[in-house]
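To start, the structure under review is shown below, and the notes come after it.
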2 protein chains.
Amino acid sequence: MKIGELAKATDTQVETIRYYERIGLLSAPGRSAANYRIYDPSHRSRLSFIRHSRQLGFTIDDIRSLLDLADHPERDCAEADNITTRHLGQVEAKISHLTRLRDELVRVSGRCRGGLSSDCQVIETLADHGHCTAKHE
Amino acid sequence: MKIGELAKATDTQVETIRYYERIGLLSAPGRSAANYRIYDPSHRSRLSFIRHSRQLGFTIDDIRSLLDLADHPERDCAEADNITTRHLGQVEAKISHLTRLRDELVRVSGRCRGGLSSDCQVIETLADHGHCTAKHE
DNA sequence: GCTTGACCCTGTAGCAGCTACAGGGTGCAT
DNA sequence: ATGCACCCTGTAGCTGCTACAGGGTCAAGC
């Protein structure tokens, strides 16, 4: 299949596929006489794996390791679990960070009672860190 | 004050301050005879405002608008509230996205029962989207 | 007066993970 | 023969910094 078809089949942009090839995540396929990339089903499943992993938020580097594991059936599955667990921890950290941030934003925006920006509590709050309940980084 | 002092006072990196000046977020201060940037208290409070807004996750563009409002006391505070509310919505969207993602990761990593990567359920799941309960983008 | 070290300057390149051109070639239908 | 959809390479852009390289400045200590 040509790149456009692979793109449609995996719900990926054509330029993204070329990007994955450039960074060595997806192996370079054969070429047609006209120098078009011609993919086979193995590329398709590999790209599906990549896209699925990306949707789950794995980094490109994680995906490299995961693909490597998928290619070496004799290796220990624990490596894959390590990557997943570490990633899960990062996602949870992000969630709790964003949750604190949301609470602060709710508090800030709740202060707006309309009127002029000169006595806008939102602006006030941003200007003066002391108005915050919690530390946020 | 010199840039290093301002950096310490606002808990910002020196290079970040120069970056803000370069993109026009923080106005260029005066210079000493030796061409050092010399900041006054107004720069300091402006930078605090910026940093505080960044900590709350506002984009640089949002901050430009917020600073603009802070500079025009006669304008309507609703604009600031709009920006905050829209941002809050984005944060909430991110939280719910990450939460779905987390649930899926928990499910995926729960499938690992050790053993060889050849029958690793984590790898399996990544390879086959059909294993997923929910759609995730 | 000379060195050392902390600070400052400019300019540019890098990070992640794409995305978006520009400027060209190919392939098929009309 | 012409139009159009598709393909190619190469490069620059996005966000919000961060990290140099290669240089200048200044005060303290010997």
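Numbered from 1 within each chain, the chains take letters A, B, ... in sequence-line order. For the numbers below, each heavy atom of this structure counts, side chains included, while hydrogens, waters and symmetry mates do not.
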>> With a 4.0 Å cut-off on N to O distance, would you call A:Lys8 and A:Glu5 a salt bridge?
In response: no
> Which angle, rounded to 10°, do you find between the first-five-pair axis and the last-five-pair axis of the helix from C:dG1-D:dC30 to C:dT30-D:dA1?
Replying inline: 30°
> Looking for any heavy atom pair under 4.0 Å, which part of the strands does B:Ile23 touch: base, sugar-phosphate only, or nothing?
Replying inline: nothing
>> Just to verify, what does B:Asp40 make a side-chain contact (heavy atoms from CB on, under 4.5 Å) with, not counting sequence neighbours?
In response: B:Ser42, B:His43
>> Any base atoms under 4.0 Å from B:Arg54, or only sugar-phosphate, or nothing? Heavy atoms, all strands.
In response: sugar-phosphate
> Between A:Arg22 and A:Ala34, who's closer to the 5' end of DNA chain C by nearest nucleotide?
Replying inline: A:Arg22
> Could you give the CD1-to-P distance, from B:Ile17 to D:dG16, as a whole number of Å?
Replying inline: 18 Å
>> Using a heavy-atom cut-off of 4.0 Å across all strands, would you classify A:Tyr20 as base, sugar-phosphate, or nothing?
In response: sugar-phosphate
>> Reading DNA chain C from 5' to 3', where do the contacts with chain B start and stop? Cut-off is 4.0 Å to heavy atoms.
In response: C:dC7 to C:dT10
>> Taking A:Arg86 first and then A:Asp81, would you say they form a salt bridge - that is, a charged N and a carboxylate O separated by under 4.0 Å?
In response: no
>> Base, sugar-phosphate or nothing for B:Arg37? Non-hydrogen atoms, less than 4.0 Å.
In response: sugar-phosphate
>> Please pick, from D:dC7, D:dT18, D:dG16, the nucleotide with the shortest atom-to-atom distance to any side-chain atom of A:Lys2.
In response: D:dC7
> Quick one: on DNA chain D, does A:Glu15 or B:Gly57 contact a more 5' nucleotide (nearest heavy atom)?
Replying inline: A:Glu15
> Taking for each residue the nucleotide of DNA chain D with the nearest heavy atom, is it B:Thr16 or A:Gly4 whose nucleotide lies nearer the 5' end?
Replying inline: A:Gly4
>> How many whole angstroms separate atom OH of A:Tyr36 from atom C1' of D:dC6?
In response: 6 Å
>> Counting only side-chain heavy atoms from C-beta out, which of D:dC17, D:dG16, D:dT18 sits nearest to B:Thr59?
In response: D:dG16
> Any ion pair linking B:Glu79 and B:Arg75 (charged N to carboxylate O, less than 4.0 Å)?
Replying inline: yes
>> What contact category does A:Arg51 fall into here, base, sugar-phosphate, or nothing, at under 4.0 angstrom with non-hydrogen atoms?
In response: sugar-phosphate
> Could you state the CG-P distance from B:Asp61 to D:dC14, rounded to the nearest angstrom?
Replying inline: 11 Å
> Which atom pair, heavy atoms only, marks the closest approach of A:Ile60 to A:Arg54?
Replying inline: CD1-CD, 4.2 Å
> To the nearest angstrom, how far is A:Ile38 atom CD1 from D:dC6 atom P?
Replying inline: 15 Å
